[in-house]
Amino acid sequence: VAKRMALLELAQKQGLRAMAHTWVQGMVAPHRLSDQALINDILDMFERKTADIFQRQINALIHRPDASDVLPRIDCPTLILCGEFDSWANVAQHQLLSDGITAHPEVVCIKDCGHMAMQEQPQAVAQAMRQWLSM
């Protein structure tokens, strides 16, 4: 919670782009931090929002109910996809989700990317989804 509140304070004082510049440091694969096109795309995405919107998102995250009791009731095919270097929701957290679902979901870890998998490795994400959908 403290990290999220620090990001919110940064967004309120310096704007969403400044906040996103700090946030993105742990959200993409380390070797992608020097990819200015990728980083600018992410910063631009954040900059299109306001600190008020970000505050509402933070509040929703902090106050969301624990839904882990729903996991065992999932009985349909499920794909759990994550990035290898995702520091926001790491591979172990995704595995915990998988362990709670009795329908035996498929867990796919996309190599060489972090939390922004669709932007970092769009082809690999699309391929994983196509493969899962064809099962």
Side-chain angles (χ1 to χ4, degrees):
V1 174
K3 289 180 183 180
R4 289 182 175 154
M5 297 313 288
L7 288 172
L8 176 57
E9 184 176 343
L10 184 59
Q12 291 169 330
K13 290 182 177 179
Q14 297 181 29
L16 265 288
R17 190 174 193 88
M19 181 282 301
H21 189 271
T22 298
W23 177 87
V24 79
Q25 301 305 310
M27 294 301 121
V28 299
H31 70 278
R32 297 298 301 270
L33 288 170
S34 61
D35 181 341
Q36 285 305 300
L38 171 67
I39 299 302
N40 283 329
D41 282 347
I42 294 169
L43 299 182
D44 290 346
M45 177 182 67
F46 273 88
E47 194 171 39
R48 289 189 292 269
K49 303 301 178 201
T50 65
D52 184 53
I53 290 170
F54 186 60
Q55 181 176 12
R56 290 194 306 264
Q57 290 173 327
I58 294 294
N59 285 335
L61 284 169
I62 291 171
H63 296 95
R64 69 179 174 229
D66 180 0
S68 53
D69 63 325
V70 173
L71 295 175
R73 296 192 307 243
I74 297 173
D75 64 355
C76 62
T78 306
L79 172 64
I80 298 175
L81 189 138
C82 61
E84 175 183 23
F85 295 107
D86 187 343
S87 65
W88 192 261
N90 64 40
V91 177
Q93 289 171 293
H94 286 83
Q95 189 59 53
L96 281 174
L97 283 175
S98 173
D99 293 346
I101 299 173
T102 56
H104 305 293
E106 182 172 352
V107 179
V108 174
C109 180
I110 304 296
K111 300 290 182 199
D112 295 324
C113 72
H115 190 71
M116 306 303 286
M118 287 295 296
Q119 288 175 285
E120 294 178 74
Q121 297 290 345
Q123 297 296 340
V125 170
Q127 177 59 32
M129 292 177 77
R130 276 193 300 271
Q131 184 174 351
W132 179 76
L133 288 168
S134 70
M135 296 172 80

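This chain uses plain numbering: 1 for the first residue, then up along the sequence. Predicted model only: the values in this text are computed from it and were never measured.
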With ILVMFWY side chains joined below 4.5 Å, transitively, what does Phe85's cluster contain besides itself? none
Tell me, please, which residues at least two apart from Ala11 pass side chain to side chain contact (heavy atoms under 4.5 Å, CB included). Leu16, Met19, Ala51, Phe54
Any side-chain heavy-atom pair of Met45 and Gln119 under 4.5 Å: yes
For Asp52, what residues pass the salt bridge (charged side-chain N to carboxylate O under 4.0 Å, His left out) criterion, not counting sequence neighbours? Arg56
List in chain and number order the residues that pass side chain to side chain donor-acceptor pair (under 3.5 Å) with Glu9, two or more places apart in sequence or in another chain; answer none if no residue qualifies. Lys13
Heavy-atom neighbours of His31 NE2 exceed 12 at 6.0 Å: yes
By salt bridge (charged side-chain N to carboxylate O under 4.0 Å, His left out), Arg17 pairs with (sequence neighbours left out) Asp44, Glu47
Looking at residues at least two apart in the chain, or sitting in another chain, which of them share a side chain to side chain donor-acceptor pair (under 3.5 Å) with His115? Asp86
Note, Met5 side chain near Ile62 side chain (heavy atom, < 4.5 Å): yes
Please identify each residue that fulfils side chain to side chain donor-acceptor pair (under 3.5 Å) with Gln127, with sequence neighbours left out. Arg130
Output the rest of the hydrophobic cluster of Val91: all Ile, Leu, Val, Met, Phe, Trp and Tyr residues reachable through side-chain heavy-atom contacts under 4.5 Å, sorted by chain and number. none
Output all residues satisfying side chain to side chain contact (heavy atoms under 4.5 Å, CB included) with Val125, sequence neighbours left out; order by chain, then residue number. Leu81, Ile110, Ala117, Met118, Met129
Nearest heavy-atom neighbours spanning Leu33 and Val24: CD2-O, 3.8 Å
Please answer whether the main-chain N or O of Ala128 pairs with a side-chain N or O of Gln131 as donor and acceptor at a distance below 3.5 Å. no
Do Glu84 and Cys113 come within less than 4.5 Å of each other through their side chains, counting heavy atoms only? no
Just wondering, do Leu10 and Trp23 contact through their side chains at under 4.5 Å, heavy atoms? no
Say you draw a straight line from CG of Asp41 to CE of Met116; how long is it, rounded to the nearest 0.5 Å? 9.5 Å
The side chain to side chain donor-acceptor pair (under 3.5 Å) partners of Asp112 (sequence neighbours excluded) come to none
Is the shortest heavy-atom distance from the side chain of Ile74 to the side chain of Cys76 under 4.5 Å? yes
Decide side chain to side chain contact (heavy atoms under 4.5 Å, CB included) for Gln57 and Lys49; before the verdict, give the C-alpha distance in whole Å, the side-chain angles of both, and the deciding distance to 0.1 Å. CA-CA 11 Å; Gln57 290 173 327; Lys49 303 301 178 201; 5.9 Å; no
Distance in Å, Asn59 CG paired with Arg4 CZ, rounded so as to fall on 0.5 Å steps: 11.0 Å
Of all heavy-atom pairs between Ala29 and Glu120, which one has the smallest distance, and what is that distance? N-OE1, 2.9 Å
Drop me the distance from Trp88's CH2 to Gln93's CD, to the nearest 0.5 angstrom. 10.5 Å
Hey, any chance Leu71 and Val108 share a hydrophobic cluster, counting ILVMFWY side chains that come within less than 4.5 Å of each other, even indirectly? no
To the nearest 0.5 Å, how far apart are CD1 in Ile39 and CE in Met27? 11.5 Å
Among pairs that include at least one residue of residues 26-39, which meet salt bridge (charged side-chain N to carboxylate O under 4.0 Å, His left out), considering only residues two or more places apart or in two chains? Arg32-Asp35
Can you tell if the side chain of Gln121 reaches within under 4.5 Å of the side chain of Lys111, non-hydrogen atoms only? no
All side chain to side chain contact (heavy atoms under 4.5 Å, CB included) counterparts of Ile80, not counting sequence neighbours: Thr78, His94, Leu97, Ser98, Ile101, Pro105, Val107
